[in-house]
Amino acid sequence: MTTTTKLHPKTIEIVKSTAPVLETHGEQITKRFYELMFSNHPELLNIFNHANQKQGRQQRALAAAVYAAARYIDQLDAILPVVRQIGHKHRSLGIKPEQYPIVGKHLLLAIKDVLGDAATDEVITAWAEAYEAIASVFIQVEKELYDEAAAKHGGWRDFRRFVVVKKVKESGVITSFYLEPEDGKAISDYLPGQYVSVKLSIPGETYTHIRQYSLSDAPGKGYYRISVKREAATADKPAGIVSNYLHDHAQEGDVLELSAPAGDFTLDLSKATPVVFISGGVGITPLLSMAHTLAIRQPTRPATFLHAALNGRVHAFDEELRMLAERPSFSYRICYESPSDEDRRHPHFDKEGRIDLAWMQSVIPTKDADFYFCGPVPFMKTVYRALKQWGVPEEHIHYEFFGPAGDLTKD
Ligand SMILES: Cc1cc2nc3c(=O)[nH]c(=O)nc-3n(C[C@H](O)[C@H](O)[C@H](O)COP(=O)(O)OP(=O)(O)OC[C@H]3O[C@@H](n4cnc5c(N)ncnc54)[C@H](O)[C@@H]3O)c2cc1C
Ligand code: HEM
């Protein structure tokens, strides 16, 4: 699609000149925005992740998107790739066009609240017009994504009921769920690396909870497999709601509601370049799907899979990867941060400690490859910086965040 913005030049000027002011107050404005919006529309708590709210992660993600859009208000085409990425997430959450004015109204109220007298009528009117222009780009992109998802063979638009047909423990902390549609009909294929949203009504909880889970097997098997890490409680954090519910209560025969597969972190099967997968912990899931797909679709394409885990107890999918590594074109290396005594008795890991550039260079045959990585944010920062230091060009670096997208260049 292309976007045409018919905003008045004066509006554009006001929006561009006030964007830096909003940027300075960004988190304050978005924090206020959520307070106002949830108090007027508590039903939206059914779709927003409460933990992200509490930790301010979503605030930062939304704020960053609004400034980016404002900076490009006279050339919104430039933000289309970002809008598409967010649009995938919105589509998987079931966000609707009629919800955009609600967000717009409360964003403007928050701007007024935080900026006070500096938010003149002229400024507010300009931002109202700008928001409408930005929202219409999102709505259009998302309409295309909904239509695409529904038009696919076996596809659907919103949420669909799936039965847990098998539950398999993959490690001390990761469990897989094999899911088949309750209606017994076909399910759409997906691109390796894509995720589904799972919507749960948990007994005793006021609101529904939606979380994303990457599909961890190759497409085309008649089921979807998700693999979930239990986010256990620690001294300073409560237990994760959905992951613990799935581990403790979702049993074979139970029904989960799923969105159609979404996401733009996908393996490019049109390329023949060597490919390197680097995963940390449960970040293995989208990369494992890619590795399985590679085995079927491009079995001779050279691939290296590096996996970092704390130790053998929490190391999932070792057997699946060892089987994939029986192909001469596929190598698999393991890094344990702190191997247990048991790990040391039967050493089956290649490196001890954390992943670093020196080790990567010793096990990755060439930097002229496409790199795909996923894991905890600190791990992703290490990998990203190592790849940059090695001189891997940005267009060969691909990654996924298991939460709102962040910035890997910042500490
Ligand atoms: C694209 C994508 C793909 C993903 N794929 C996978 C996957 O394949 N496998 C997988 O396991 N996960 C995956 N995730 C992550 C998953 O969506 C969930 O975020 C994860 O399961 C945690 O959900 P939860 O409900 O258990 O925890 P939540 O209840 O959402 O809590 C999240 C974290 O915040 C902490 N927390 C909650 N409240 C507070 C508070 N007040 N103060 C401080 N900390 C707090 C919790 O302790 C927990 O660690 C993916 C995410 C994305 C975006
Ligand atoms: C132009 C307006 C909007 C912008 C710029 C915007 C921006 C964003 C961004 C940047 C993210 C994080 C994406 C990621 O990296 O994961 C996000 C997520 C999300 N958005 Fe929007 N959004 C807009 C409108 C809406 C609307 C109308 C709704 C519905 C009321 C909505 C609901 C959500 C939800 C529920 C999430 C996931 C949040 C979470 O789970 O923490 N957004 N949005």
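Note that ligands are numbered from 1 as they come in the structure, with each ligand's atoms numbered from 1 the same way.
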Listing, residues 80-88 side-chain donor-acceptor contacts under 3.5 Å, not counting sequence neighbours, or none:
residue, atom, partner, partner atom, Å
His88, ND1, Gly263, N, 2.8

(request) Sort and list the pairs that fulfil ring-ring contact (aromatic ring centres under 6.0 Å, His included) and have at least one residue in residues 106-131, not counting sequence neighbours. (result) His41-His106
(request) Report yes if some N/O of Tyr131 lies less than 3.5 Å from some N/O of ligand 2; otherwise report no. (result) no
(message) Below the 3.5 angstrom mark, is there an N/O of Gln99, backbone or side chain, next to an N/O of ligand 2?
(response) no
At less than 4.0 angstrom from any non-hydrogen atom of [X], what atoms of ligand 2 do you find?
| X | result |
| --- | --- |
| Leu93 | 34 (C), 35 (C), 36 (C), 37 (C) |
| Ala65 | 5 (C), 10 (C) |
| Ile95 | 26 (C), 28 (C), 29 (C), 31 (C), 32 (C) |
| Ile47 | 35 (C) |
| Lys89 | 14 (C), 16 (O) |

(message) Counting only heavy atoms closer than 4.0 Å, does ligand 2 sit against the backbone of His90, its side chain, both, or neither?
(response) side chain
(request) Report the part of Asn49 in contact with ligand 2, treating N, CA, C, O as backbone and CB onward as side chain, heavy atoms under 4.0 Å; options are side chain, backbone, both, neither. (result) both
(request) Return the option from Tyr100, Phe402, Phe401, Phe138 holding the heavy atom at the smallest distance from atom 24 (C) of ligand 2. (result) Tyr100
(request) Could I get the full list of side chain to side chain contact (heavy atoms under 4.5 Å, CB included) partners for His249, not counting sequence neighbours? (result) Tyr245
(message) Heavy-atom contacts with ligand 1 below 4.0 Å: which residues, ordered by chain and residue number?
(response) Asn49, Ala51, Lys54, Gln55, Lys89, Tyr195, Arg211, Gln212, Tyr213, Ser214, Ser227, Val228, Lys229, Glu231, Lys237, Pro238, Gly240, Ile241, Val242, Ser243, Val282, Thr285, Glu400, Phe401, Phe402, Gly403
(message) Check this for me: does any side-chain nitrogen of one of Arg91 and Asp158 sit under 4.0 Å from a carboxylate oxygen of the other?
(response) no
(message) Salt bridge or not between Lys31 and Glu35? Use side-chain N to carboxylate O under 4.0 Å.
(response) yes
(message) Looking at Lys271, I'd like to know if its NZ atom is crowded, meaning that more than 12 non-hydrogen atoms belonging to other residues, nucleotides or ligands lie closer than 6.0 Å.
(response) yes
(request) Assess Lys199 against Phe159: is NZ or CZ under 6.0 Å from the centre of the six-membered ring, and within 45 degrees of the ring's axis? (result) yes
(message) I want to check something: taking the side chain as every heavy atom from C-beta on, are Phe373 and Phe277 in contact at a cut-off of under 4.5 Å?
(response) no
(message) Could you tell me if the side chain of Phe177 sits less than 4.5 Å from the side chain of Ser227, heavy atoms only?
(response) no
(request) Answer yes if the ring centres of His315 and Tyr336 are under 6.0 angstrom apart, and no otherwise. (result) yes
(request) Assess the pair His292 and Phe317: is the distance between their ring centroids shorter than 6.0 Å? (result) no
